[in-house]
Student: 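Dumping the structure here so I can ask a few things about it.
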Amino acid sequence: MGSYSLAMNNNFYASQLNERQLEVVTDTENPVLVLAGAGSGKTRSLIYRTAYLIKEKQVHPWNILIVTFTNKAARELQERLEKLLNIPVRSLWVGTFHAICCRILRFESAHLPFNANFSIYDEDTQKSLLKKIYKEYGFDKQSFPINNILTRISRYKNKLMLPEDIKFQGEDKDSEFATFLNIYRLYQQQLLLNQALDFDDILLWTAKLLLNNNTVREKYRAQFQYVMIDEYQDTNKAQFEIVHQIAGGHQRVCVVGDDDQAIYSFRGASLRNILEFEKDYNSVHSIRLEQNYRSTGNILALANAVIANNRRRHSKELWSELPVGDKPVLAVYENEIEEANRITDAILKLQRKGIPLREIAVLYRTNAQSRVFESALIQAEIPYSIVGGVQFYQRKEIKDLLAYLYVLSNLNDNESLLRIINEPARGIGQTSINRLIGFANKTRISLFSAIQNVEAIEELGNPAKKRISEFCLMLERWQQSVSRKPALEMVKTIVEELELISHYQNSNDPQDIARAENLVEFVTSVSEFSEHFYQENEREPLIADYLPYVALQTDLDRVKENMDSIRLMTLHNAKGLEFEAVFIAGLEDELLPHRMCMNNQDSIEEERRLFYVGITRAKNYLHLSYTKSRRLYDTFYFPVPSQFLTEVDSRLFYHSDGDFGIAQPPKRIKKTNKVITESQKYYKIGQKVFHPEYGLGVILSVDGEGEDARLTISFGNRLAKIIGRYLMKNEE
DNA sequence: GACCAACAGATTTTT
DNA sequence: TCTGTTGGTC
């Protein structure tokens, strides 16, 4: 393809796309709903559609909005588009909802109760903010667990409901709900005081702004003439509203999604949006993409069989012209260590076959499962990259440094200020900090102002005052240059003056060495960002340009594309990716489906979709496994194979362990146990018990009640912690 | 105010 | 198992 004049004519599109895809690309003027099965070329369709708009319809890239699910997807889309068009398309708006909304909020801060340099609080910061509120107002952590409260707040925000939007009638002042509402109100108040938004706020404020402000809405309607949304099945109410406000007028909107791949309902996503798209917009053109270009026939057959068990779905059946290929392997292992080792062996075999490591992925349900794989891979000297897990930007040393940047760009950010006031330690202890906070609250000023006026605080002793004002002078000095000096320079100055890296480097704790390395990597990443930013904007980025970017970065975005390493990640993180070979480990009830999700039909169906997403990542080789026993933290489990395995025809698998077919899953001890009489239901210290693997033992301690009790048991020469239900009691 | 040891508590998925 | 918190000591 030498030039785009040659490339860009209708024949060209027809030669590159199938008929359905071509419809997606060329119907630019109506609302389009694309129901795109896994591997059906939906990203490809979006890219060609954008190219078509720009080249054939002469639409300016500035007038196109594309929302992707991850930053990485946005980047890839832009790169592939530029390659196709042979020109850079910088003015195109491509990004995640959060990134795009951030940009809008910064532009429109004049209409909002916070300024353009607002801070963005991640989950940890949300929690510590809530903890302070609990402390100050005396809320009880037991009756109002922080996590639970945050989830509830998030639910409301995703539905665009601030505390003042929630009506409650007939509830008395002390009711649980009234207290919750009170916490929510205080939390929101604190956020605004700090000039900070949490992740949900970014969507909420954008949606509210577009809903309530005609001028702003018209402005973005006029700008975004063409709107495309990827992964529409995972959008929530706030996201729906944002799209609807922008595209509801001109109706030139194309959404792409697959209800079978909806896996984010815990984040407020609702299938409603994709199921009712045809009602939300006028004369919608629906297009189904069912031809799969990714997986071999046998893999697809399993995928179809698994998802067929879901009831709430648009029925569709993927088909492929690819060869049938190998059957998915189903393997059983003794325990999670053997699972990791044997999978590692299999990986080595694939490598010998010439499959590059980066084309091999190990997927699991929970991050905790990654540890065993890490050690197995280290032992085998196979390089790996973990996607997710303990995230880079969540690390203490990185968050400390980021907190400095937040404070410098937003002096109202008390949370970040508290994080760094004694980090690195400079002798400002809890007592002094409490006095500072007290003073700030009393005089209704920000913490930073309190620090500036430290001399006026009578409660503080002279040494404390001196340290605080030194800290303050340092911040003020940096603050003066923060709107002038490039981000990279600022970061380097801070790191050097605080001696952050050298401080960690001089330690002999390996963890500190790792911290020093992380800080070096952080500086590198700022420099990479700066280079990229310079190319796009022809100026050096400031801290204010860097922070909104980094706040929305995830670990997903950090994996080096070309690095030849095995990818380890959760099933959630695997969405949108594809690999030559995929291993899915831990296919056991209570893990997949996860025990938190086994109590209702809807969440089981979501878990099944998660499994489906995992299966459909594989191009040629799929390997599934479960174990007979698994240790999680300090407890042994004896799992049963996932119901998702037993509910499909076992002939869909190649059973790697000969006679150990899925047709006869290991018996569930709980079910086969004799009738237990009332008096036997509870475990007692000293009681004799029988365990199918360890034999006879004596209970040493009991934690909890009944079948769920956690027992410490002595089996002759070894101790084990075991859940009650996995035991058989000895006849007494 | 800094440091350390003991202890409790939580362990689903993420922009 | 691991992390964060608390309570005690110097």
Side-chain angles (χ1 to χ4, degrees), chain A residues 67-74 95-102 120-124 126-128 131 135 141-142 145-148 150-151 154 157-158 197-204 206 231 234-236 238-239 262-269 363-372 387-391 393-394 396 422 424-434 461 463-464 467 511 548-557 569-575 586 590-598 603 606-607 609-611 613-614 631-637 703 710 721:
Chain A
V67 182
T68 58
F69 198 68
T70 61
N71 297 303
K72 186 171 156 240
T96 61
F97 271 106
H98 287 84
I100 280 161
C101 291
C102 240
I120 297 172
Y121 284 178
D122 65 4
E123 205 185 316
D124 286 344
Q126 288 180 284
K127 279 183 191 164
S128 66
K131 276 183 195 161
K135 219 175 200 171
K141 254 196 258 175
Q142 304 287 309
I146 301 247
N147 283 326
N148 176 329
L150 277 179
T151 315
S154 174
K157 287 190 174 178
N158 288 157
L197 308 193
D198 62 24
F199 283 123
D200 298 318
D201 280 336
I202 295 173
L203 305 178
L204 173 135
T206 311
E231 308 283 6
D234 279 323
T235 52
N236 60 32
Q239 291 164 329
I263 52 175
Y264 280 92
S265 72
F266 70 90
R267 207 164 79 189
L363 311 181
Y364 37 77
R365 176 66 232 266
T366 67
N367 279 309
Q369 287 168 261
S370 71
R371 292 181 62 94
V372 252
V387 183
V390 184
Q391 305 210 348
Y393 295 103
Q394 304 285 87
K396 180 192 171 299
N422 199 31
R426 50 175 71 86
I428 305 173
Q430 201 52 56
T431 323
S432 307
I433 292 173
N434 287 341
R467 293 185 199 123
Q511 228 188 344
Y549 159 83
V550 77
L552 301 176
Q553 282 296 295
T554 66
D555 228 41
L556 216 57
D557 305 312
M569 69 189 93
T570 62
L571 288 159
H572 281 89
N573 273 327
K575 178 163 140 160
E590 307 222 313
L591 207 48
L592 188 77
H594 195 273
R595 67 175 68 83
M596 299 301 219
C597 307
M598 288 175 77
S603 47
E606 177 145 322
E607 295 285 295
R609 291 194 289 268
L610 197 51
F611 183 35
V613 167
R631 197 172 81 164
L632 198 57
Y633 304 119
D634 60 353
T635 311
F636 288 88
Y637 293 88
D703 184 10
R710 281 162 56 159
K721 285 202 177 180

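The sequence lines fix the lettering, A, B, ..., with proteins before strands; numbering per chain opens at 1.
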Student: Nucleotides 1-7 of chain B: which of its N/O atoms have a protein N/O under 3.5 Å away?
Tutor:
{"residue": "B:dG1", "atom": "OP1", "partner": "A:S432", "partner atom": "OG", "Å": "2.5"}
{"residue": "B:dG1", "atom": "OP2", "partner": "A:T431", "partner atom": "N", "Å": "3.4"}
{"residue": "B:dG1", "atom": "OP2", "partner": "A:T431", "partner atom": "OG1", "Å": "2.9"}
{"residue": "B:dA2", "atom": "OP1", "partner": "A:G427", "partner atom": "N", "Å": "3.2"}

Student: For A:R595, check salt bridge (charged side-chain N to carboxylate O under 4.0 Å, His left out) against everything at least two apart and list the hits.
Tutor: A:E590

Student: Could you tell me which residues satisfy ring-ring contact (aromatic ring centres under 6.0 Å, His included) with A:Y264, sequence neighbours excluded, listed by chain and number?
Tutor: A:F69, A:F266, A:H572

Student: So, does the side chain of A:R365 form a donor-acceptor pair with the base of B:dT13 at under 3.5 Å?
Tutor: yes

Student: Sequence neighbours excluded, which residues qualify as salt bridge (charged side-chain N to carboxylate O under 4.0 Å, His left out) partners of A:E607?
Tutor: A:R365

Student: Indicate, with a heavy-atom threshold strictly under 4.0 Å, whether A:D200 touches base, sugar-phosphate, or nothing.
Tutor: nothing

Student: Under the side chain to side chain donor-acceptor pair (under 3.5 Å) rule, collect the residues that match up with A:Q369, sequence neighbours excluded.
Tutor: A:T366

Student: Applying salt bridge (charged side-chain N to carboxylate O under 4.0 Å, His left out), name anything that partners A:K396, two or more places apart in sequence or on another chain.
Tutor: A:D400, A:E423

Student: By salt bridge (charged side-chain N to carboxylate O under 4.0 Å, His left out), which residues pair with A:D200, not counting sequence neighbours?
Tutor: none

Student: Over all strands shown, is A:H594 touching base, sugar-phosphate only, or nothing at heavy-atom distances under 4.0 angstrom?
Tutor: sugar-phosphate

Student: Within the structure shown, what part of the strands sits under 4.0 Å from A:Y264 by heavy-atom distance: base, sugar-phosphate, or nothing?
Tutor: sugar-phosphate

Student: Considering residues at least two apart in sequence or located in another chain, which fulfil the ring-ring contact (aromatic ring centres under 6.0 Å, His included) criterion with A:H594?
Tutor: none

Student: Show each protein N/O and nucleotides 4-10 of chain C N/O combination with a separation under 3.5 Å, one pair to a line.
Tutor:
{"residue": "C:dT5", "atom": "OP1", "partner": "A:K131", "partner atom": "NZ", "Å": "3.0"}

